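Fair warning: this is a prediction, and the values are worked out from it, not measured in the lab. Each ligand, and each atom within it, is numbered from 1 in the order the structure gives. We're numbering straight along the sequence, starting at 1.
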Amino acid sequence: MHRTRTLSDLDPADLRGRRVLVRVDYNVPLDAEGRITDPIRIQATLPTLRLLVEAGARVILVSHLGRPDGQPDPKASLAPVASWLQEAMGWRVPLLSESPGSSGLRSELEALEDGQVALLENIRFLPGETRNDPELARELGSLADLFVGEAFGAAHRAHASTVGAAEVIRRNGGSAVAGRLMEKELRFLRDTLRAPARPFVSIMGGAKISGKIELIEAILPSVDRLLVGGAMANTFFRALGLDTGASLVEEDRIDLAADLLERGGEKILLPVDAVVATAIAPDAVTRVVARDEVGGEDRIGDIGPATRDLFGQEIAAAGTVVWNGPMGVSEFTPFASGTFEIARALAKATGRGTVSVVGGGDSAAAAEAAGVADQMTHISTGGGASLDLLAGKSLPGVEVLETVETSEGPGTPGQGGDA
Ligand code: ADP
Ligand code: MG
């Protein structure tokens, strides 16, 4: 067996004075005034930054923000991130706007002291980033002799700063390893699920089957139960021949849903009741109906109370739970109970030893809104990357990192870690 080499595998003594290129994911939400509304993506990298700073490394941070399309856009500047790091950590973090190949940038990096952190301006200001331009990769790669892959949320993309620069550094005799956040994401989304504590339960929801089909197909053989909620369940209802009224259904996926039901057999648990309304709105007047009593005008907005109980029992008995996608339109209070109650049931189970892994931005937001986010074993910071990894796909930004041989199995199965 082998696993990805991480920052923790390196001797801190080897980091002193070393120039380290750290690809982070600081694609943070900004308000109209350019203030960071949620710094979770920055906070998630602090264990890596502290480790490098304390070891005396010279840290060069690289990130993207938004989609500036290969040209400078002041609204997508990383300046708010540099300020955040400065205020929260008390570090002086220069924002370096000169291009990676320029002599100006080189001399600024020459001035970097041991234990100091600098931040390159938004790498997507450069057209070469998203097409993994070899010249940009070479320029970035020549800035350091150690690459730290910490941008889990961007690891499913082969860009100059996620893959190209790491290749260059390795080719030049340097090293490429996973940072602490990347290590944690891999441990819970990949390694833990290779040997999950059983029963292994997957909860899926959200708007569409189509966006998660690869994940469902990949996870179905290894789970003991697949609990389906959200609008996704409506398409399964139609496959059963049930009337879903005016609910959101993917007409072109009904056959697929039928096929999955046949393959999954008793593993797949669908809702038995629903919260419906004639309009999905924040002030909707709702009713609870059995799943075979949905009226022609009704729109299904949430799982009903009997389903919450049914799913709750499965969660309580589970050894491992992977949750991806809300059980209803959890943005609107009348349809939020199903999702919130599932989140609370999962938090409670986690307190009794269940390993809980949450992937997907809306599910993470729902866990947060339910006030139980900090009680989960792991909440992934990556949307598309976590779906790909859960579906068993390899991520370019992980493949480019070094591996080490291990005598035992992959990672640490089950509980543990710094969650
Ligand atoms: P995640 O980000 O956790 O992966 P998704 O993006 O797949 O989740 O799904 C979240 C979206 O699904 C939300 O916008 C939510 O309103 C929508 N959704 C869930 N249930 C329903 C439903 N019954 N009808 C319409 N939309 C739904
Ligand atoms: Mg989403």
Side-chain angles (χ1 to χ4, degrees), residues 27 29 38 40-41 152-153 156 185 189 202-216 218-219 226-238 242-251 253 257 270-282 284 286-289 291 294-295 297-304 307-308 311 321-343 346 356-370 372-373 376 378-391:
N27 187 20
D38 183 359
I40 183 78
R41 289 190 162 161
F152 178 72
H156 56 319
E185 295 275 9
L189 292 154
S202 170
I203 312 169
M204 293 259 198
K208 293 176 176 174
I209 296 184
S210 50
K212 290 176 183 169
I213 178 64
E214 283 173 315
L215 173 56
I216 299 174
I219 216 163
L226 175 62
L227 315 180
V228 180
M232 191 190 274
N234 302 343
T235 307
F236 281 97
F237 287 160
R238 288 285 296 280
L242 296 169
D243 189 353
T244 53
S247 305
L248 186 63
V249 169
E250 285 175 283
E251 297 285 345
R253 304 289 159 152
L270 296 178
V272 292
D273 60 351
V275 175
V276 300
T278 49
I280 303 288
T286 61
R287 286 161 32 241
V288 172
V289 296
R291 71 180 185 191
V294 177
E297 314 264 276
D298 286 339
R299 291 171 192 270
I300 299 173
D302 195 9
I303 58 173
T307 308
R308 288 177 225 156
F311 286 7
V321 177
V322 175
W323 177 27
N324 196 298
M327 297 292 96
V329 185
S330 53
E331 304 92 314
F332 295 163
T333 312
F335 307 105
S337 303
T339 303
F340 286 4
E341 209 165 294
I342 291 302
L346 193 50
S356 54
V357 178
V358 183
D362 291 284
S363 317
E368 189 72 47
V372 294
M376 305 296 181
H378 180 63
I379 295 192
S380 178
T381 53
S386 69
L387 278 181
D388 282 1
L389 196 57
L390 286 170

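- The nearest protein atom to atom 11 (C) of ligand 1, hydrogens excluded, is given as Ala207 N, 4.0 Å; this is a heavy-atom distance.
- Formation of a donor-acceptor pair under 3.5 Å by the Thr307 side chain with backbone atoms of Ile303 is not found in this model.
- Residue Ile300 places at least one N or O, backbone or side chain, under 3.5 Å from an N or O of ligand 1.
- Across every non-hydrogen atom of Val358 and Leu346, the tightest pair is CG2-CD2, 4.5 Å.
- Looking at Pro326, Ala367, Pro271, Gly229, it is Pro326 that brings a heavy atom closest to atom 10 (C) of ligand 1.
- Looking at heavy atoms from C-beta onward, Asn27 lies in side-chain contact with Arg41 at the 4.5 angstrom threshold.
- Within ligand 1, the atoms closer than 4.0 Å to a non-hydrogen atom of Asn324 are 4 (O), numbered from 1 in the order shown.
- Note: no N/O pair closer than 3.5 Å links Ala364 and ligand 1 by distance alone.
- Here the side chain of Asp302 pairs no donor or acceptor atom with the backbone of Val275 at under 3.5 angstrom.
- When hydrogens are left out, the protein atom nearest atom 3 (O) of ligand 1 is Ser363 OG, 2.4 Å; that is the closest non-hydrogen contact.
- Here the protein heavy atom with the shortest distance to atom 6 (O) of ligand 1 is Asp362 OD2, 3.0 Å.
- When only non-hydrogen protein atoms are considered, atom 9 (O) of ligand 1 lies nearest to Gly206 CA, 3.1 Å.
- A salt bridge links Glu251 to Arg238: one of the charged nitrogens lies within less than 4.0 Å of a carboxylate oxygen.
- Put simply, CG on Leu227 and CD1 on Ile203 are 5.5 Å apart, with the number rounded to the nearest 0.5 Å.
- Every N/O-N/O distance between Gly230 and ligand 1 stays at or above 3.5 Å.
- For atom 19 (C) of ligand 1, the nearest protein heavy atom (residue, atom name, distance) is Gly328 O, 3.2 Å.
- Taking every heavy atom of Gly325 and a limit of under 4.0 angstrom, the matching atoms of ligand 1 come to 3 (O), 8 (O).
- Of all non-hydrogen atoms in Leu215 and Leu387, the two that sit nearest each other are CD2-CD2, 3.3 Å.
- Residue contacts with ligand 1: Lys212 is placed with a nitrogen or oxygen under 3.5 Å of a nitrogen or oxygen of the ligand (distance criterion only).
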Which pairs would a plain distance check flag for residues 323-338, meaning a side-chain donor or acceptor within less than 3.5 Å of a matching protein atom at least two apart in sequence or in another chain?
from: Trp323; atom 1: NE1; to: Gly325; atom 2: O; distance (Å): 2.9
from: Asn324; atom 1: OD1; to: Lys212; atom 2: NZ; distance (Å): 2.8
from: Asn324; atom 1: ND2; to: Gly359; atom 2: O; distance (Å): 3.3

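- Minimum heavy-atom separation, Ser247 to Ile300: OG-N, 2.8 Å.
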- Query: Can you list the steps and then say if Lys208 with Met232 is a side chain to side chain contact (heavy atoms under 4.5 Å, CB included)?
  - Reply: CA-CA 5 Å; Lys208 293 176 176 174; Met232 191 190 274; over 6 Å; no
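- Given atom 21 (C) of ligand 1, the protein heavy atom at minimum distance is Ala231 N, 3.4 Å.
- Considering backbone and side-chain N/O of Glu331, one or more are found under 3.5 Å from N/O of ligand 1.
- The shortest distance between side-chain heavy atoms of Thr381 and Glu185 falls below 4.5 Å.
- With a 6.0 Å radius and a threshold of 12 heavy atoms from other residues, nucleotides or ligands, Glu250 has its CD atom above the threshold.
- When only interatomic distances are considered, the shortest N/O to N/O separation between Ser330 and ligand 1 does not fall below 3.5 Å.
- Leu389 contributes atom CG, which lies 8.5 Å from atom OG of Ser380 (distance to the nearest 0.5 angstrom).
- Counting only protein N, O or S atoms closer than 2.8 Å to the Mg ion (ligand 2) gives 1.
- Not a single heavy atom of Gly211 sits closer than 4.0 Å to an atom of ligand 1.
- In this structure, the protein non-hydrogen atom closest to atom 27 (C) of ligand 1 is Val329 CG2, 3.6 Å.
- Considering only heavy atoms from C-beta on, Asp273 stays 4.5 Å or farther from Arg291 through its side chain.
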